[in-house]
Amino acid sequence: MFRCIFKHYKICNCLYMFMQYGPYKDKVLPLNQDELANMAGISRIQTARTLQNLRKNGIVSTQRNKIKILNEKALERLWLVE
């Protein structure tokens, strides 16, 4: 189920760290896919696939230049996987 997510745990790590240590209202992170890919050190395509998987599993939703964390506990579990 989370094969793609496990493979790209760096995205989950970045999202979780942003959420925990940033002053973001309503768990909405002001990031686009390019910025997230650069922070995680992976390609934009891998980032897009990971975000698609996270969306499919109800963990995040995305809009233009925004990523909203919908399920903090699930993201935390994935963040702990390394």
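- A donor-acceptor pair is defined here as one N or O able to donate and one able to accept, closer than 3.5 Å; such a pair exists between the side chain of Q46 and the backbone of S43.
- I45 is not connected to V60 by any chain of hydrophobic side-chain contacts under 4.5 Å among Ile, Leu, Val, Met, Phe, Trp and Tyr, and they are in different clusters.
- The shortest side-chain heavy-atom distance between Q63 and K68 does not fall under the 4.5 Å cut-off.
- In terms of heavy-atom proximity, E35 sits nearest to P30 at OE1-O, 3.8 Å.
- Under the 4.5 Å side-chain criterion, counting only non-hydrogen atoms from C-beta, Y9 is not in contact with L78.
- Contact check for Q20 versus M17: no side-chain heavy atoms found under the 4.5 Å cut-off.
- With hydrogens and angles disregarded, no donor-acceptor distance shorter than 3.5 Å links the side chain of N53 to the backbone of R49.
- N32 places a side-chain N or O within 3.5 Å of a backbone atom of D34 that can act as its donor or acceptor partner.
- Y21 and V28 fall into different hydrophobic clusters, where Ile, Leu, Val, Met, Phe, Trp and Tyr residues are linked whenever their side-chain heavy atoms come under 4.5 Å apart, directly or through other members.
- Side-chain contact between L75 and I59: present, with at least one pair of heavy atoms (C-beta onward) separated by less than 4.5 Å.
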Given M39 and L31, is the side-chain contact (heavy atoms from CB on, under 4.5 Å) satisfied, shown in steps? CA-CA 10 Å; M39 287 188 317; L31 294 172; 3.9 Å; yes
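- The heavy-atom pair separating A48 from Q33 by the smallest distance is CB-OE1, 3.5 Å.
- Between L54 and C12 the shortest side-chain heavy-atom distance falls below 4.5 Å.
- The distance from the OH atom of Y16 to the CD atom of E72 is 6.0 Å, given to the nearest 0.5 Å.
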Give the intermediate values and the outcome of side-chain contact (heavy atoms from CB on, under 4.5 Å) for residues I67 and L15. CA-CA 9 Å; I67 300 171; L15 291 174; 4.1 Å; yes
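- Screening T47, L29, T62 for a side chain to side chain contact (heavy atoms under 4.5 Å, CB included) involving L36 leaves a single residue, T47.
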